[in-house]
A.B. asks: 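Here's a structure for you.
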Number of protein chains: 2
Amino acid sequence: MKKMMRMTHQREIILEELKRLKTHPTADELYEIVKKRLPRISLATVYRNLDVLAELGIIQRIEVSGRQKRFDGNPEAHHHVRCLVCGRVADAELSQEPQVNFDSVKANGFKIIGFNLEFEGICPECVSKGKFKFFNNKADTIFNET
Amino acid sequence: MKKMMRMTHQREIILEELKRLKTHPTADELYEIVKKRLPRISLATVYRNLDVLAELGIIQRIEVSGRQKRFDGNPEAHHHVRCLVCGRVADAELSQEPQVNFDSVKANGFKIIGFNLEFEGICPECVSKGKFKFFNNKADTIFNET
DNA sequence: ATAACTGCAAATGATTTGCGATCGG
DNA sequence: CCGATCGCAAATCATTTGCAGTTAT
């Protein structure tokens with residue numbers, strides 16, 4: 001009893017716009033973009049479609065920290081950088097993949113299946129705005145001197 | 001004009017309980033624990049205290065994916081494993097740190113400050129329950145055959 | 001024909017905030 | 001004393017869901 005996916009007009013446009021973007025938008029960012037072509041579309045439809053497309057592996061839900069989920073039109077596994085100031089996410093390419101031997105990881109009895117390498121940085125826009133002073137060692141938080 | 005932190009009774013207990021735990025609770029999990037000692041404490045107080053303690057680097061807000069934020073009483077940088085089934089987080093120790101040369105990372109103009117290595121797996125409790133069948137390659141999603 | 005899908009509105013879940021009362025330094 | 005912090009309730013933000021009408025196959 002496998003249910004089948006229909007290629008609705010909404011789904012087609014959502015997929016097309018997500019794939020066009022080099023950035024990795026949140027659901028509501030994509031909603032704003034898609035709304036230009038389909039003014040009557042609802043945000044719930046965007047959420048639902050991102051879900052089914054990610055479930056089928058046509059796109060991917062990016063596993064980064066941050067309150068909002070982000071989506072990537074490229075289903076291939078690859079790494080990302082997240083801007084600590086604005087949350088924007090971009091692709092990060094490593095010249096060589098880090099070798100991690102799962103068997104050597106002591107993980108309190110967890111069965112390890114994979115890992116996720118997420119870079120943290122400042123995006124070009126936020127660097128130029130210079131709206132930050134310094135970071136605590138590992139933080140997602142910006143302190144403004146006052 | 002730096003404002004100073006007061007060591008209130010609530011803050012003291014929250015910190016004490018978080019540090020006692022080897023696990024990395026969400027704010028509301030910690031709230032339930034703390035409530036046993038301070039029955040009148042409010043969840044908002046737990047959130048506010050976790051914020052100031054993390055801001056000061058006394059504890060850390062764990063940067064893993066997942067809807068709820070988790071906290072670690074150990075402020076030292078280290079890696080974590082996240083259970084793909086229940087979301088539980090534990091420490092992960094690597095016999096040797098992966099070497100990542102930031103300069104070799106092509107990241108669309110982002111200034112790279114650090115990285116975050118998060119392992120994905122199944123915790124002992126969920127393994128023994130066996131409530132899952134298989135995973136898609138990189139997913140946070142569990143498919144149940146029906 | 002009919003199950004998958006849609007838009008809308010209301011529901012949920014996590015976290016944050018305004019406020020008047022309280023307390024620590 | 002007085003500003004940081006508290007408890008409480010309401011507000012906000014992201015995401016999900018119920019439902020009745022619509023559409024792709």
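This one's a predicted model, so the numbers in the text were calculated from it and none came from an experiment. Numbers restart at 1 for each chain; the letters A, B, ... are given by sequence-line order, proteins then strands.
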A.B. asks: Hey, is the side chain of A:Gln10 poking within less than 4.0 Å of OP1 or OP2 on D:dT23, counting only N and O atoms?
C.D. replies: no

A.B. asks: Measure CG/B:Leu53 against P/D:dA4 and give the value in whole Å, please.
C.D. replies: 16 Å

A.B. asks: Closest nucleotide of DNA chain C for B:Phe71 versus for B:Arg48: which of these residues is on the 5' side?
C.D. replies: B:Phe71

A.B. asks: Nearest-Å distance, CZ (B:Arg67) to P (D:dA14)?
C.D. replies: 14 Å

A.B. asks: D:dT17 P sits how many Å from A:Leu43 CG, rounded?
C.D. replies: 14 Å

A.B. asks: For a quick test of reading the model, state the closest non-hydrogen atom pair linking A:Phe110 to B:Pro124 and the distance between them.
C.D. replies: CD1-CD, 3.8 Å

A.B. asks: Students often get this wrong, so: under 4.0 angstrom with heavy atoms, is B:Arg40 touching a base, only sugar-phosphate, or nothing?
C.D. replies: sugar-phosphate

A.B. asks: Rounded to whole Å, how long is the line connecting atom NE2 of A:His9 with atom C1' of C:dT6?
C.D. replies: 14 Å

A.B. asks: Quick test of your reading of the model: are B:Arg70 and B:Glu29 salt-bridged, counting only N-O distances below 4.0 Å?
C.D. replies: yes

A.B. asks: Roughly, in whole Å, what's the span from CE in B:Met7 to C1' in D:dC6?
C.D. replies: 15 Å

A.B. asks: Can you measure A:Leu38 atom CG to C:dC5 atom C1' for me and round it to whole angstrom units?
C.D. replies: 14 Å

A.B. asks: Check whether any side-chain N or O of A:Asn116 sits under 3.5 Å from a backbone N or O of B:Leu117 as a donor-acceptor pair, and report yes or no.
C.D. replies: no

A.B. asks: Taking only the side-chain heavy atoms of B:Asp51 (C-beta and beyond), determine which of C:dC5, D:dT16, C:dT16 contains the nearest atom.
C.D. replies: C:dT16

A.B. asks: Separation of B:Glu29 atom CD from C:dA14 atom P, in whole Å?
C.D. replies: 10 Å

A.B. asks: Is there a side-chain contact between B:Thr45 and the phosphate of D:dG7, meaning an N or O under 4.0 Å from OP1 or OP2?
C.D. replies: yes

A.B. asks: Measuring from the side chain of B:Arg11 (C-beta onward, heavy atoms only), which nucleotide among D:dT5, D:dT15, D:dC6 has the closest atom?
C.D. replies: D:dT5

A.B. asks: Using modelled atom types only, decide if a donor and an acceptor are shared between the side chain of B:Gln10 and the backbone of B:Thr45 within a distance under 3.5 Å.
C.D. replies: no

A.B. asks: Are B:Tyr47 and C:dT16 close enough that a side-chain N or O sits under 4.0 Å from OP1 or OP2?
C.D. replies: no

A.B. asks: Nearest of C:dT2, C:dT15, D:dC6 to any side-chain atom of A:Arg6?
C.D. replies: C:dT2

A.B. asks: Is the shortest side-chain N/O distance from B:Thr8 to OP1 or OP2 of D:dC6 below 4.0 Å?
C.D. replies: yes

A.B. asks: Counting only side-chain heavy atoms from C-beta out, which of C:dT15, C:dG7, C:dG25 sits nearest to A:Ile41?
C.D. replies: C:dG7

A.B. asks: Map B:Ala44 and A:Ile14 onto DNA chain C by nearest heavy atom, then report which one ends up closer to the 5' terminus.
C.D. replies: A:Ile14

A.B. asks: Expressed as a whole number of angstroms, how long is the span from B:Lys69:NZ to C:dG13:P?
C.D. replies: 19 Å

A.B. asks: Look at A:Asp51 together with A:Arg61 and state whether they make a salt bridge at an N to O cut-off of under 4.0 Å.
C.D. replies: yes

A.B. asks: Would you classify B:Asp28 as touching base, sugar-phosphate or nothing, given that sugar-phosphate means primed atoms plus P, OP1 and OP2, and contacts are heavy atoms under 4.0 Å?
C.D. replies: nothing

